[in-house]
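Labels below follow one simple rule: chain letters A, B, ... track the order of the sequence lines, proteins then strands, and each chain is numbered from 1.
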Protein chains: 2
Amino acid sequence: MRVPLINRSHTSPVPPTIYDVAERANVSTATVSRVFNNQTRVANATRERVLKVADALGYSPHISAQNLALQKTSLLAAVVPFETDFFYAQVMRGMQDALFDSDFDLTIYLAPEKRETKGQLERALQPGRADGVVLLSAELSDAQAEMVRASGQPLVLVDTHHSFFDSISVDNDEGAYDAVQRLLAHGYQRIAHITVAPEAPAPARNRRLGYEQALREAGQPVDPELVVYSTSYPFGFMEEAGYEAMQHLLALPELPDAVFACSDVQALGALQALRDHGLRAPDDVAIVGFDDIHTSRHVGLSTLRQPMREMGKLAVQKLLQRIAQPARTPSKTVFAPEYIARSTCGTAASSEATAAAIAL
Amino acid sequence: MRVPLINRSHTSPVPPTIYDVAERANVSTATVSRVFNNQTRVANATRERVLKVADALGYSPHISAQNLALQKTSLLAAVVPFETDFFYAQVMRGMQDALFDSDFDLTIYLAPEKRETKGQLERALQPGRADGVVLLSAELSDAQAEMVRASGQPLVLVDTHHSFFDSISVDNDEGAYDAVQRLLAHGYQRIAHITVAPEAPAPARNRRLGYEQALREAGQPVDPELVVYSTSYPFGFMEEAGYEAMQHLLALPELPDAVFACSDVQALGALQALRDHGLRAPDDVAIVGFDDIHTSRHVGLSTLRQPMREMGKLAVQKLLQRIAQPARTPSKTVFAPEYIARSTCGTAASSEATAAAIAL
DNA sequence: TTGAAAGCGCTAACAG
DNA sequence: CTGTTAGCGCTTTCAA
């Protein structure tokens with residue numbers, strides 16, 4: 001039964017310090033410290049006495065003080081763009097997976113505005129804030145990269161690249177190219193693309209490029225009418241954006257027969273627009289997304305799977321490696337997206353896709 | 001152009017300290033400190049000189065040192081059970097929403113095992129780790145509650161209650177009761193319940209109690225055969241668990257005509273089992289879930305909506321209030337779950353439900 | 001095996 | 001308006 005040292009009502013108790021323990025145990029703070037860390041070099045009797053006092057007092061080392069003395073934080077920072085995106089949720093789960101094997105915890109630095117990852121990055125880089133940072137979906141200018149390097153903080157990029165740092169991403173061009181090529185091979189003639197803004201971040205941009213390349217290689221010029229950018233939601237992947245874009249396509253004099261959406265989220269919105277017009281996928285218009293979020297499987301959406309969780313896990317593993325060995329040469333990991341043919345693309349005969357098609 | 005003070009290759013640069021700045025600017029560290037915080041009481045010329053030097057050096061205050069001196073961390077801790085649950089993802093989004101208006105960042109303490117929130121809670125409570133903690137879905141024993149109180153850390157509970165602390169939850173009994181009552185009113189006779197373990201955490205338990213109460217009030221004894229606990233996945237809400245449970249129900253001599261699942265995730269698994277047996281909802285068996293996760297809307301799953309994001313947001317707001325005023329009397333907020341009738345319950349005629357039913 | 005003392009980087013009275 | 005000084009709580013040489 002421990003008696004709080006101070007407990008005036010409405011005064012939150014003040015935790016005991018190493019001095020309190022040292023005093024009550026008749027030893028110096030150095031000894032207490034040794035007991036709690038440096039397990040060796042303490043007489044058994046002393047150790048037990050210290051431990052007993054510490055327990056009675058409810059002592060626990062003050063982390064900020066430890067951090068300062070040890071020049072570390074045991075914290076990793078994740079700088080995440082502001083978007084209700086399933087991608088980030090999954091990547092973060094993966095990061096947590098990898099964290100289990102370490103003594104680090106994760107602090108989230110969520111960008112306050114659409115694209116303002118920059119401020120949060122600077123914050124995360126401040127000395128004494130974290131021991132390393134994972135930066136998601138943010139392209140680094142050379143100036144920024146130099147700033148990061150100057151800060152001395154280990155950093156890993158997810159979804160983008162820079163020669164200074166470890167990076168982990170998926171081959172967006174290739175995935176998009178693959179999907180469109182399959183649609184072409186299956187005989188679709190007018191394949192539209194739903195994307196975000198032309199100046200969108202790399203992943204979306206590269207998916208568009210993959211789409212364009214597949215068309216060109218098939219001898220089809222890119223029809224600007226069939227590439228619909230989102231004006232209302234220029235950056236994030238939003239269902240509403242997909243919905244609007246699909247409405248736009250449905251208003252065209254000649255309908256597309258297939259749509260490759262930049263993300264599953266947008267594809268879901270497109271699907272909804274289709275339904276609201278009394279149309280269905282793939283019978284009237286085929287639809288393919290990108291990401292393979294949880295919902296996609298349940299609605300039978302064909303898509304390109306991105307190993308989000310693995311990417312997050314690997315990001316943290318790379319970061320931990322770099323903290324341990326700052327001088328390693330940066331690595332670049334690129335995962336290949338996997339085409340998942342379900343019911344909405346009309347090119348599948350897999351049982352999964354059939355089951356989904358029967359769904360409701 | 002700043003010249004790194006130290007830059008032996010393979011030695012990460014050491015960030016400059018307040019002493020470096022003070023020295024180069026010919027002032028004391030106190031003045032530098034004033035420039036960076038206490039905006040007032042510094043001559044303009046001095047301020048500018050300091051700022052110039054700081055900029056040239058790339059100085060940024062060391063956060064751990066600040067934390068120690070100021071006795072704060074500007075960090076909030078979220079202690080989260082280990083589960084791939086959409087509930088937590090949404091709640092955390094809400095927490096982030098509220099964080100925007102503050103100077104705090106969020107650190108995640110994810111439990112390493114199924115129910116081992118306890119260790120992470122202790123960790124989060126350590127002095128100097130965070131300025132407050134949000135504890136998700138973990139019931140606090142009186143001993144634990146006392147421990148928390150003794151730590152002096154402000155704490156807010158989400159999904160559970162304790163008289164010592166602010167808490168935020170949803171009325172699980174009431175929601176379940178409501179759903180089952182509606183199913184009964186619509187004429188369903190054999191209503192099954194898919195849940196987790198009998199000794200599961202409060203939310204799942206209370207949903208079962210609500211189910212039982214609705215039946216009893218309708219003069220139906222609870223048929224143990226129709227309440228299926230998950231043995232393989234006793235705690236988390238998993239699709240596999242829902243799948244297994246539904247298979248069990250489908251093997252019964254007499255089928256249930258409706259199923260109330262403990263969570264949407266399990267309901268999705270049940271839906272899948274149904275499909276795999278060539279059956280459909282609601283024609284063969286009606287299904288209602290709980291939570292209203294993102295996927296539910298897209299597959300037309302009827303469910304009880306929990307305002308997850310709002311709950312997270314409120315949790316942080318409450319925590320910030322408590323940090324500011326530790327002596328406030330604890331509040332208890334209980335949201336009412338909202339019944340969302342989509343296609344799988346067979347009781348809806350809303351256009352949303354119809355659209356979803358046509359879906360694929 | 002233990003203690004004294006310096007230091008981690010910053011802040012905040014208190015003087016001046 | 002600015003400098004001196006004493007912490008914040010812990011770790012870690014260096015001696016004893």
Inset, instruction - Would you classify A:N26 as touching base, sugar-phosphate or nothing, given that sugar-phosphate means primed atoms plus P, OP1 and OP2, and contacts are heavy atoms under 4.0 Å? - result: sugar-phosphate

Inset, instruction - Mind checking A:V27 for me? I need base, sugar-phosphate or nothing, with any heavy atom below 4.0 Å counting as a touch. - result: sugar-phosphate

Legend entry - Integer-rounded Å distance: C:dT1 C1' and A:N44 CG: 12 Å

Inset, instruction - Check every atom of D:dT2, C:dT1, C:dA12 against the side chain of A:A43 and return the nucleotide holding the closest atom. - result: C:dT1

Inset, instruction - Decide if atom CD of A:E23 counts as having more than 12 heavy atoms of other residues, nucleotides or ligands within a radius under 6.0 Å. - result: no

Inset, instruction - Taking only the side-chain nitrogens and oxygens of A:T46, find out if one of them lies under 4.0 Å from OP1 or OP2 of C:dT2. - result: yes

Legend entry - Electrostatic pair A:K313-A:E310, nearest N-O below 4.0 angstrom: no

Legend entry - d(CG, B:N67; C1', D:dC10) in whole Å: 14 Å

Inset, instruction - Look at the aromatic rings of B:F164 and B:H162 and report parallel, tilted or perpendicular, splitting at 30° and 60°. - result: perpendicular

Legend entry - B:N37 side chain near C:dT11 phosphate (N/O to OP1/OP2, under 4.0 Å): yes

Inset, instruction - Rounded off to whole Å, could you give me the NZ-to-P distance for the A:K72 and C:dG9 pair? - result: 16 Å

Legend entry - Any A:S28 side-chain nitrogen or oxygen under 4.0 Å from OP1 or OP2 of C:dG3: yes

Legend entry - Phosphate OP1/OP2 of D:dC10 contacted by A:T29 side-chain N/O (<4.0 Å): no

Inset, instruction - Measure from the side chain of B:R41, starting at C-beta and using heavy atoms only, and say which of C:dG3, D:dT2, D:dG9 lies closest. - result: D:dT2

Legend entry - Phosphate OP1/OP2 of D:dG9: any B:Q71 side-chain N/O under 4.0 Å: yes

Legend entry - Phosphate OP1/OP2 of C:dG9: any B:Q66 side-chain N/O under 4.0 Å: no

Legend entry - Base C:dC8 paired with B:Y19 side chain (donor-acceptor, <3.5 Å): no

